[in-house]
Protein chains: 2
Amino acid sequence: MGLEPLPEDVLERAESEALAPLCAVFRRRLRDEGLKYTPERAHILDAIIGMDGLFEAEQLLESLRESSERVSKATVYRTIKLLQDAGIVQRVLLDGEHAYFQLVYGTRPHELLIRVDTGEIETIELPELAELRDRICRERGLDPQGHRFQIYATGRGST
Amino acid sequence: MGLEPLPEDVLERAESEALAPLCAVFRRRLRDEGLKYTPERAHILDAIIGMDGLFEAEQLLESLRESSERVSKATVYRTIKLLQDAGIVQRVLLDGEHAYFQLVYGTRPHELLIRVDTGEIETIELPELAELRDRICRERGLDPQGHRFQIYATGRGST
DNA sequence: GTCGGTGCAAATGCTTTGCATTGAT
DNA sequence: ATCAATGCAAAGCATTTGCACCGAC
């Protein structure tokens with residue numbers, strides 16, 4: 001009834017998808033804190049990678065269930081928090097009720113275009129926002145740590 | 001044990017502070033929906049006005065308690081929702097746990113500069129963001145409904 | 001008298017935590 | 001052995017809701 005010890009397996013798969021940096025960053029961060037890169041954590045990171053960008057905790061749980069990786073809800077939340085601390089995942093709070101999270105690929109910021117009528121969420125890139133942010137911080141003698149931009153829109157003619 | 005019926009009192013005070021438009025908008029919206037502008041709702045709007053911009057539900061409750069206006073938690077939440085529907089108040093979700101709300105003065109969007117080290121939140125105006133938003137929506141044939149921009153920063157030299 | 005509004009307390013639902021067990025070095 | 005991680009179930013907490021009563025038109 002134990003957990004299968006197949007971290008290398010997962011690790012390989014993730015690396016084969018050119019996502020090695022994520023694993024590497026996460027593992028280094030864990031190592032630095034005296035924490036461990038466990039199979040559960042690997043599975044969770046793997047599942048996150050498979051969700052292309054934006055996800056909810058519940059979706060992540062389901063995705064793990066589907067790949068028959070048994071990871072408890074508590075561990076998922078705990079790992080998400082670790083990933084946030086490592087700067088790999090960012091909490092994104094939309095208008096609605098619960099939290100979404102999004103993978104942060106390195107330092108490239110991702111903006112969101114949210115269709116309020118359909119619920120669709122598109123990820124877009126607006127490098128000029130980082131510049132705007134940096135300028136504003138510079139003017140005030142602050143160090144920029146990040147930013148968040150979300151656009152809400154509907155199809156033409158919707159309410 | 002009833003509620004004191006002093007809506008005019010509150011109304012006057014708010015209007016004397018040049019915030020008549022808010023009351024007016026709210027009242028019109030309520031009227032349109034066949035709802036009422038009650039003393040409790042007036043008190044809540046009044047308290048929101050007194051919080052200059054950004055507030056949490058709990059702060060609002062406390063502020064009401066301090067002015068010895070007894071309004072229940074449930075009513076506060078219900079009224080905030082009405083104010084959101086009326087476009088007077090906007091839900092703002094920061095990194096942290098719970099929701100903040102902010103007064104929306106007419107249609108002018110307010111962006112936020114958040115000091116992650118001190119917790120300070122500064123309100124700034126960046127009209128160019130609305131243009132950027134509109135351009136992006138136009139490119140995709142969408143109607144812009146709003147946007148949200150938040151900058152996270154620390155003082156020079158902080159973590 | 002009909003509706004909506006309010007307060008209270010109970011319910012909700014996401015997220016966190018306590019605790020005993022398990023796993024890795 | 002030690003120290004951290006996990007799972008489960010219980011606890012937390014902001015927010016919502018059900019319900020009985022109250023007030024306005």
Side-chain angles (χ1 to χ4, degrees), chain A residues 1-8 10-11 26-27 29-45 47 55-62 64-65 68-86 89 91-101, chain B residues 1-8 10 26-27 29-45 47 55-62 64-65 68-85 89 91-101:
Chain A
M1 196 139 272
L3 310 159
E4 290 90 322
L6 55 156
E8 284 117 328
V10 171
L11 214 144
F26 192 31
R27 292 206 294 177
R29 285 301 197 104
L30 290 172
R31 193 71 40 102
D32 289 350
E33 305 285 336
L35 306 177
K36 294 163 193 166
Y37 188 65
T38 65
E40 286 83 1
R41 290 175 182 170
H43 289 140
I44 291 167
L45 184 51
F55 61 94
E56 298 172 73
E58 192 52 45
Q59 290 172 4
L60 197 50
L61 271 162
E62 196 170 332
L64 286 162
R65 261 179 247 124
S68 52
E69 310 295 2
R70 313 241 115 250
V71 182
S72 76
K73 199 184 295 191
T75 296
V76 164
Y77 278 108
R78 283 190 276 235
T79 303
I80 288 176
K81 193 160 287 175
L82 288 172
L83 287 163
Q84 284 185 81
D85 294 343
V89 156
R91 188 178 216 160
V92 178
L93 297 159
L94 307 181
D95 251 347
E97 276 42 65
H98 33 301
Y100 284 73
F101 299 92
Chain B
M1 196 140 271
L3 311 159
E4 291 91 319
L6 55 154
E8 281 116 329
V10 171
F26 193 29
R27 292 205 294 175
R29 286 302 196 104
L30 290 172
R31 194 70 40 101
D32 289 351
E33 305 284 336
L35 305 176
K36 295 163 193 164
Y37 188 65
T38 66
E40 287 82 0
R41 290 175 184 170
H43 290 139
I44 290 168
L45 184 51
F55 61 93
E56 298 172 72
E58 191 51 46
Q59 289 171 4
L60 196 50
L61 271 162
E62 197 169 332
L64 287 163
R65 261 179 247 123
S68 53
E69 310 294 3
R70 313 239 115 252
V71 182
S72 76
K73 198 184 296 190
T75 296
V76 165
Y77 278 107
R78 285 189 273 234
T79 303
I80 288 177
K81 193 160 288 176
L82 287 172
L83 287 164
Q84 285 185 80
D85 294 343
V89 156
R91 190 179 214 158
V92 179
L93 297 159
L94 307 181
D95 251 347
E97 274 45 62
H98 34 302
Y100 285 73
F101 299 91

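Chain A is the first sequence line, chain B the second, and so forth, proteins listed ahead of strands; every chain is numbered from 1. What you are looking at is a predicted structure, and each value in this text was computed from that prediction instead of being measured.
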Q: Roughly, in whole Å, what's the span from CD in B:Glu56 to P in D:dA14?
A: 9 Å
Q: Looking only at side-chain N and O atoms, does A:Lys73 come under 4.0 Å of OP1 or OP2 in C:dC14?
A: no
Q: Would you mind reporting whether B:Phe26 and B:Val89 have side-chain heavy atoms less than 4.5 Å apart?
A: no
Q: Using a distance-only criterion (donor-acceptor N/O pair, under 3.5 Å, no hydrogens), is the base of C:dG7 paired with the side chain of B:Arg78?
A: yes
Q: Quick check: on DNA chain C, is the nucleotide nearest B:Val76 upstream (toward 5') of the one nearest B:Glu33, or the reverse? Name the residue that is more 5'.
A: B:Glu33
Q: Quick check on D:dT16: is either OP1 or OP2 less than 4.0 Å from any side-chain nitrogen or oxygen of B:Lys81?
A: yes
Q: Establish, with yes or no, whether the OP1 or OP2 oxygen of C:dC8 is under 4.0 angstrom from a side-chain nitrogen or oxygen of B:Ser72.
A: no
Q: Sequence neighbours left out, what passes ring-ring contact (aromatic ring centres under 6.0 Å, His included) with A:Phe101? Give chain and number order.
A: A:Phe55
Q: Check side-chain hydrogen bond (donor to acceptor under 3.5 Å, both in side chains) between A:Gln59 and all other residues, then give those that pass, not counting sequence neighbours.
A: A:Glu56
Q: At under 4.0 Å, does any side-chain N or O of A:Arg70 touch on OP1 or OP2 of D:dG7?
A: no
Q: With a cut-off of less than 4.0 Å, is there a side-chain N or O of A:Tyr77 near OP1 or OP2 of C:dT16?
A: no
Q: Taking only side-chain N and O atoms of B:Thr38, does any of them lie within less than 4.0 angstrom of OP1 or OP2 on D:dA24?
A: no
Q: Quickly work out the A:Leu35 CG to D:dT2 P distance and round it to whole Å.
A: 20 Å
